[in-house]
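Worksheet: the structure to be examined is printed underneath.
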Amino acid sequence: AFAKFGKDNIIVYQSPIKPLHWATNPSRGDDCYVKLICNKAEKEKVVGVHLLCPDAGEIIQGVAIAVRVGATKADFDDTIGIHPTVAEMITTV
């Protein structure tokens, strides 16, 4: 992203996450992670997403559509995540 859009144009939103179905297991920590990479020069258009969690392959397919059509960070923020799912964490990062 830095090479393509310039380091000054990139803002990264990231967070460790814990899937809800792990919440009842005290031995599980925040073993998962979500990151949105945005281009500030284009109203924070999302240009990349990293997702490390159970079912990431299934979740990222839907996210890829949003990225391909030019969704912004504000679009993700304005989306109500389906609760309780890991995918909802993408809308709150």
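Residues take their numbers from the sequence shown, with the count starting at 1.
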Does the side chain of V46 reach to within under 4.5 Å of the side chain of I37, using non-hydrogen atoms?
no
Residue pairs involving residues 1-13 (criterion side-chain hydrogen bond (donor to acceptor under 3.5 Å, both in side chains); sequence neighbours excluded)
Y13-E44
Quick check: closest heavy atoms across V86 and P19, and the distance to 0.1 Å?
CG2-CB, 3.6 Å
Under 3.5 Å, side-chain donor or acceptor atoms of residues 50-60 against the rest of the protein: list the pairs with distances, not counting sequence neighbours.
| from | atom 1 | to | atom 2 | distance (Å) |
| --- | --- | --- | --- | --- |
| H50 | ND1 | K35 | NZ | 3.4 |

Who passes salt bridge (charged side-chain N to carboxylate O under 4.0 Å, His left out) against E88, sequence neighbours left out?
none
Atom pair CE (M89) and OG (S15), whose distance is rounded to the nearest 0.5 Å:
7.5 Å
Heavy atoms only: give me the nearest Y33-I17 pair and the separation to one decimal.
N-CG1, 3.6 Å
Under a 4.5 Å side-chain heavy-atom rule over Ile, Leu, Val, Met, Phe, Trp and Tyr, are F5 and I11 clustered together?
no
Checking P16 now: which residues fulfil side-chain contact (heavy atoms from CB on, under 4.5 Å) with it, not counting sequence neighbours?
D30
Neighbour count >12 (heavy atoms, 6.0 Å) for atom NZ, K43:
no
Can you give me every donor-acceptor pair (side chain of residues 71-81, partner residue at least two apart or in another chain, under 3.5 Å) with its distance?
| from | atom 1 | to | atom 2 | distance (Å) |
| --- | --- | --- | --- | --- |
| T72 | OG1 | A74 | N | 3.4 |
| T72 | OG1 | D75 | N | 3.2 |
| T72 | OG1 | D75 | OD2 | 3.2 |
| K73 | NZ | D77 | OD1 | 2.5 |
| K73 | NZ | D77 | OD2 | 3.2 |
| K73 | NZ | V93 | O | 2.8 |
| D75 | OD2 | T72 | N | 2.8 |
| T79 | OG1 | D75 | O | 2.7 |

By the rule that ILVMFWY residues connect when side-chain heavy atoms come within less than 4.5 angstrom, directly or transitively, which residues belong alongside V69?
none
Below 4.5 Å, heavy atoms only, C-beta onward: do L36 and I90 meet side chain to side chain?
yes
Starting from V67, can I reach I10 by hopping between I/L/V/M/F/W/Y residues whose side chains sit under 4.5 Å apart?
no
